[in-house]
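Numbered from 1 within each chain, the chains take letters A, B, ... in sequence-line order.
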Amino acid sequence: MADKPAPNPAAAKPNDGPGPDFVRAVIKEDIATNKHGGRVATRFPPEPNGYLHMGHAKSICLNFGAALEHNGTCNLRFDDTNPVKESTEYVQSIQEDVRWLGFDWQGRLYYASDYFPKLFDFAVELIQKGLAYVDDLSADEIREHRGTLTGPGKNSPYRDRSVEENLNLFMRMRDGEFPDGSRVLRAKIDMAHPNLVMRDPTLYRIRKVRHHRTGDTWCIYPLYDFTHCLSDALEGITHSICTLEFENNRALYDWVLDNVSAPCHPRQYEFARLNLNYTVLSKRKLITLVQEGHVRGWDDPRMPTIKGLRRRGYTPESIRFFCERIGVARRDSTVDMALLEFCVREDLNARVPRVFGVLNPVKVVIENYPEGQTETITAPLHPEDASFGARPVPFSRELYIEREDFMEDPPKKFYRLAPGREVRLRYAYFITCAGVVKDPATGEITEIRCVYDPATKGGDAPDGRKVKATLHWVSASHAVPVEARLYGPLFTVPDPGEGGDFRAHLNPKSLEIPPGAVVEPWLADQPAESGWQFERLGYFCVDKDSAPGRPVFNRTVALKDEWARIQKAGG
RNA sequence: UGGGGCGUCGGCAAGCGGUAAGCCAGCGGGUUUUGGUCCCGUUAUCCGGGGGUUCGAAUCCUCCCGCCCCAGCCA
């Protein structure tokens with residue numbers, strides 16, 4: 001990879017953005033008061049039922065980041081309690097993504113399924129204390145008994161079974177004596193509790209399904225509310241950080257830990273999940289996009305998944321910087337995609353070499369340049385950082401420039417090439433437009449005729465005369481054809497999730513591939529994932545779909561475009 | 001209509017009784033062999049609204065308004 005190495009991942013932070021967030025404030029306070037002996041232990045607990053996306057990145061940066069800042073630990077724990085949805089494919093990719101983002105769980109890789117035996121014992125303990133019972137009601141009946149938001153629920157007729165009967169039934173549930181869905185284990189709390197989560201929540205259900213790790217050992221599986229708090233306690237977590245929608249569940253988190261002989265009682269803190277405009281960040285919607293073929297897979301560069309962003313050319317640093325800058329708070333918010341794009345540009349600007357590519361070529365013929373002659377120009381790979389070195393760029397009589405860099409009848413503020421006007425070909429020569437050749441049938445310009453000034457070799461005029469524009473170019477006979485994949489927002493509206501079918505707002509132009517794109521020969525066989533700046537166009541990276549001599553480039557993000565701004569402002 | 005949360009610049013977000021940080025976006029200017037980068041300047045007399053407490057409030061009290069979450073044997 002030609003890219004510059006990143007600075008120390010853990011140390012890499014933007015020198016701006018918001019100050020410490022409320023979670024870090026709590027941690028700081030707890031350390032000051034020696035609450036856990038100064039210890040900080042967090043965890044990132046994904047369910048292996050999908051690929052990680054930017055929302056997870058926020059959580060990863062928070063959990064790993066906050067731990068790292070205090071010499072603490074952060075476990076990677078798979079919350080794998082629902083075998084019907086989970087698979088090893090996901091546990092694999094999640095590990096890859098966390099590592100790629102630059103975080104290390106230092107061997108503390110855990111699975112909730114590893115705790116199944118202990119969880120079972122805790123359930124037995126609850127039954128023995130008269131705090132849990134086996135219920136024979138169906139799912140529908142349980143729902144009917146739950147009551148409403150404003151009205152209390154009703155007790156199940158099975159609520160007052162004896163401890164012995166409950167124990168007996170629960171063992172037989174475990175032993176597979178009853179069919180799926182026929183019985184559940186429920187906590188005995190309060191069917192009139194104002195918090196619906198506390199109306200005798202289900203703790204265990206029967207699922208005669210093979211689990212990706214425990215196989216057929218179990219046919220009863222614990223639910224989230226029972227599993228998560230105990231997993232945290234078993235791991236000695238000090239700060240259990242999750243998103244706002246789990247706030248109602250905190251009462252149950254605490255209830256379970258208070259009523260069972262748990263080794264400790266971690267505290268749960270909730271923060272607002274990330275929303276990004278012009279995309280969706282919900283596993284359900286993302287999986288729909290993949291399954292219905294609206295994108296080419298989980299790693300489609302248009303996807304807000306970690307794999308998608310990676311393939312698009314985003315760096316781990318840019319994503320981490322982004323997460324630092326958006327902050328962590330308790331209010332719902334939607335972050336502007338422009339901030340994410342700013343973060344990649346910032347990172348790539350410093351780390352990636354500059355090269356020439358022409359997306360929409362038009363031929364330039366330099367009339368006074370000898371036919372058949374080629375000279376090799378040595379061009380810096382990074383004009384602001386000599387350590388990048390230089391690369392050879394062939395120059396000859398026929399070149400390609402960007403079609404948009406020429407106008408026959410230019411408006412006031414256009415100062416690129418036009419008839420009679422002189423511009424600079426970067427690192428090469430000044431050229432002056434002498435005329436154009438058009439297709440007689442369509443009127444389209446097929447060739448721009450120019451003359452060059454040999455005295456301006458390198459790009460400066462000895463007589464000191466100036467030009468207003470500098471153009472990138474590629475020698476026609478040396479040009480390497482490429483597939484350039486240009487991406488736009490996945491959706492046409494800022495909030496595609498807002499009511500109705502989000503798929504109705506899919507952007508038909510989210511991927512465009514201009515025919516005829518070419519690059520300089522230096523780019524013919526660069527490694528996949530290497531990042532480049534095509535001068536004046538944007539940041540690109542080599543896609544894994546590349547074939548030898550036929551590279552495929554993804555445009556990560558375009559450069560800021562002052563001219564586009566002027567055009568837009570001018571109507 | 002129950003319970004739990006949240007409302008500070010166009011978008012994020014600090015602030016925690018002493019008189020509104022920062023970032024992105026926008027706008028204006030400088031430098032420039034990328035209309036890029038970089039640099040400088042500019043952008044809330046005001047903190048959802050009304051009352052109140054106080055010498056003093058975005059910060060405390062109170063009422064109102066708005067938004068989010070909860071009725072999975074999902075997480």
How close or far is atom [atom2] of [N] from atom [atom1] of [X], stated in whole angstroms?
X	N	atom1	atom2	answer
A/Trp532	B/rG36	CH2	C1'	18 Å
A/Phe178	B/rC73	CZ	P	19 Å
A/Asp21	B/rA13	CG	P	11 Å
A/Ile566	B/rG36	CD1	C1'	14 Å
A/Asn349	B/rU32	CG	P	18 Å
A/Arg565	B/rC27	CZ	P	4 Å
A/Met191	B/rC70	CE	P	18 Å
A/Met54	B/rC12	CE	C1'	13 Å

Tell me which nucleotide, if any, is Watson-Crick or G-U wobble paired with [N] when both distances must be under 3.5 Å.
N	value
B/rG36	none
B/rG2	B/rC70
B/rA13	none

State the CZ-CG distance between A/Arg146 and A/Leu196, to the nearest 0.5 angstrom.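 Spacing of CZ (A/Arg146) from CG (A/Leu196) equals 7.0 Å.
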Does one side chain, of A/Gln268 or A/Tyr253, offer a donor that lies under 3.5 Å from an acceptor on the other?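 No, no side-chain donor-acceptor contact under 3.5 Å.
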Looking at every strand, decide which applies to A/Arg183 at a 4.0 Å heavy-atom threshold: base, sugar-phosphate, or nothing.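 Touches nothing.
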Within 45° of the six-membered ring axis of A/Tyr111 and under 6.0 Å from that ring's centre, is NZ or CZ of A/Arg213 located there?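 Verdict for A/Tyr111: a cation-pi partner in A/Arg213.
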